[in-house]
Amino acid sequence: NTHQMSRAVQILITTGLVVVLLDIYNLFHLSKVNWTHKTHCPQNRPVTRAVIHMGPHKTGSTTIQEFAHHHIDLLRKDGYEMPEVDNAEKNARGKTESHPNHVHFATCFVSPKNGGLRTVYPCDPDRLLHGLDLAAKGHNVFLTAEPFNDMDQEGIAMLKSYLSHWSDVTIMIFYRRYYDWLPSVFNEIQKSLTLAKREERGESIVDFLLQNSKSYHDLYVASLFDRLQQKFDKKNIIVLDYHDTRTRGPDETLFCNMPNAAQMCNASRNTDGSTTNPSVNLAYSDLAHGARKAGLISISNDERMKQVVKSIESYYKSSLNGRKLYRICPSSNILENLWNLTLAAESKFNPNNNPRDFDELRLDFDMAARNKLCALDVAKTLNDPTWKGFFGMYNRRNKLYRENKVKKGWP
């Protein structure tokens, strides 16, 4: 319809995709009105495969992406290419070096209304063109980027049309339990905030859980899976278990389930299973922000905040011997809603679980409800004589340092 055509044209224009760089055949199929999937490969051509890893966020994607780029030669031995543009060529045309994953490819299919994402990671039309060139040469491709998760229905339809240049399409996404995924997402948001942004948001994990306890977060795998099913056949979508204990990590889980990827699978089995983008303990930064707000300490910039957080962590670990922190945990109503959403997703993506598995799941949920689903009780912590003493000592030490009476401040 007219709306779909205007959206297609809008995306083509806003991505900077120059029409003259595409032959009429490719342009027609990239912007056509009828999004029905068709195979454009002649019958006498070999089967070509496109594998797209879409995340979602906080399911080991960074680990997978770095592993793929580090083992690009093995990926090619398995018969896969990744749509790239030579950095020397890009720099010669005055373009900056591309992001290490396919985020600049994926954002070409994200709505222009999602201005924040597309501003930070603008679409790179060169990658689209390289992908089409690989398809024309009969090559398989592997794509990996979390922003595929941000596609709306029209974006998914455009991606399906683009992928119709390969005869076989496999979409791979990870399932992570909802109560385990939410705090990881919150952690990622918080640890990347500047001092000013953190003060502006003023949000705790309990607030975040409340907002996302009545229905799934838009970026959760259940939401993504439902959107994908409206455009792709279910047989083209592989849902992987983030919690699979039979593998060392998400890279092995993905590549050992990826079609015809024996070389990458074997290589992933020799890794140590560590993740590339781990969560951090937000309690230390929460306390630092709280102390600043209460006037107990002066923090004027992000670098100073990092120093204070490091000092708090060092003091806690060395002097308090891991003493239990004061916490504020979610209400029983929030926990019940989170548990029900978790169970619904678990039944959908892990239907073969036995009662014992659910008993163990409940035990893990109850432990999370007392720990990682809780926020630091900043007010109570700051009223504790131990922490009052720490901030007093911190200020005195740094005052002496500024007066050149001691050689070293704290830290």
Side-chain angles (χ1 to χ4, degrees), residues 56-63 146 176-213 217 219-220 242 274-294 296-331 334-335 338 364-384 386-388 390-391 394 410-411:
H57 300 277
K58 303 313 299 178
T59 56
S61 300
T62 305
T63 301
E146 298 99 314
R176 185 174 180 177
R177 289 163 186 154
Y178 195 52
Y179 74 87
D180 189 56
W181 180 79
L182 278 177
S184 185
V185 171
F186 178 78
N187 194 285
E188 183 70 19
I189 294 170
Q190 292 295 106
K191 74 181 185 181
S192 62
L193 292 178
T194 62
L195 176 62
K197 284 290 183 183
R198 181 78 178 267
E199 292 290 321
E200 180 184 321
R201 287 175 66 95
E203 182 183 44
S204 76
I205 188 172
V206 176
D207 300 323
F208 184 74
L209 295 175
L210 175 61
Q211 295 166 16
N212 295 285
S213 62
H217 190 289
L219 298 181
Y220 186 55
Y242 178 83
S274 60
T275 56
T276 306
N277 185 26
S279 295
V280 300
N281 191 333
L282 294 175
Y284 308 125
S285 59
D286 287 346
L287 189 56
H289 279 277
R292 176 180 182 269
K293 192 173 181 180
L296 296 178
I297 195 168
S298 175
I299 304 173
S300 58
N301 55 58
D302 293 324
E303 187 58 36
R304 184 64 181 152
M305 174 58 74
K306 290 178 183 177
Q307 293 173 353
V308 174
V309 170
K310 184 178 178 180
S311 295
I312 290 173
E313 180 179 7
S314 176
Y315 175 72
Y316 177 73
K317 290 180 176 179
S318 63
S319 302
L320 300 185
N321 298 317
R323 191 177 72 178
K324 193 172 181 180
L325 295 168
Y326 301 111
R327 294 189 176 276
I328 298 175
C329 296
S331 68
I334 294 175
L335 291 174
L338 287 177
D364 190 64
F365 176 83
D366 290 341
M367 185 179 297
R370 297 188 297 270
N371 294 286
K372 64 182 176 184
L373 298 183
C374 302
L376 179 73
D377 189 332
V378 175
K380 195 170 184 179
T381 303
L382 291 176
N383 280 325
D384 186 296
T386 301
W387 285 105
K388 280 186 176 181
F390 165 77
F391 286 110
Y394 188 100
W410 192 352

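A side-chain contact (heavy atoms from CB on, under 4.5 Å) with Arg198 is found for one member of His289, Arg292, Met305 and no other, namely His289.
In terms of heavy atoms, Gly60 sits closest to Tyr242 at N-CE1, 3.9 Å. Here the closest heavy-atom approach between residue Ile328 and residue Val206 is recorded as O-CG2, 3.5 Å. Across all their heavy atoms, Pro330 and Ala369 have their closest contact at CD-O, 4.2 Å.
Looking only at side-chain heavy atoms (C-beta outward), Gln211 and Glu203 come within less than 4.5 Å of each other. In this structure, Leu182 and Leu338 have side chains that are in contact, with non-hydrogen atoms separated by less than 4.5 Å. At a threshold of 4.5 Å between non-hydrogen side-chain atoms, the residues Leu296 and Trp387 do not count as touching. Between Ile299 and Gln307 the shortest side-chain heavy-atom distance does not fall below 4.5 Å. Here the side chains of Tyr316 and Thr386 are not in contact, with every heavy-atom distance at 4.5 Å or above.
Between Leu373 atom CG and Asp180 atom CG the span is 9.0 Å, to the nearest 0.5 Å. One finds the CD1 atom of Ile189 at 10.5 Å from the NZ atom of Lys58 (value rounded to the nearest 0.5 Å). Atoms CG and CZ, on Leu287 and Phe390 in that order, are 8.0 Å from each other to the nearest 0.5 Å. Interatomic distance, Glu200 CD to Leu193 CG, rounded to the nearest 0.5 Å: 9.5 Å. The CG atom of Asp364 lies 6.5 Å from the CE atom of Met367; values are rounded to the nearest 0.5 Å.
At least one donor-acceptor pair closer than 3.5 Å links the side chain of Trp181 to the backbone N or O of His57. Between the side chain of Tyr284 and the backbone N or O of Ser311, no donor-acceptor pair lies under 3.5 Å. Using modelled atom types, no side-chain atom of Asn187 and backbone atom of Asn281 make a donor-acceptor pair closer than 3.5 Å. The main-chain N or O of Ser204 is found under 3.5 Å from a side-chain atom of Asp207 such that the two form a donor-acceptor pair.
The aromatic rings of Phe186 and Phe208 sit tilted relative to each other, their planes meeting at an angle between 30° and 60°.
A donor atom on one side chain and an acceptor atom on the other are not found under 3.5 Å apart for Tyr178 and Asn212.
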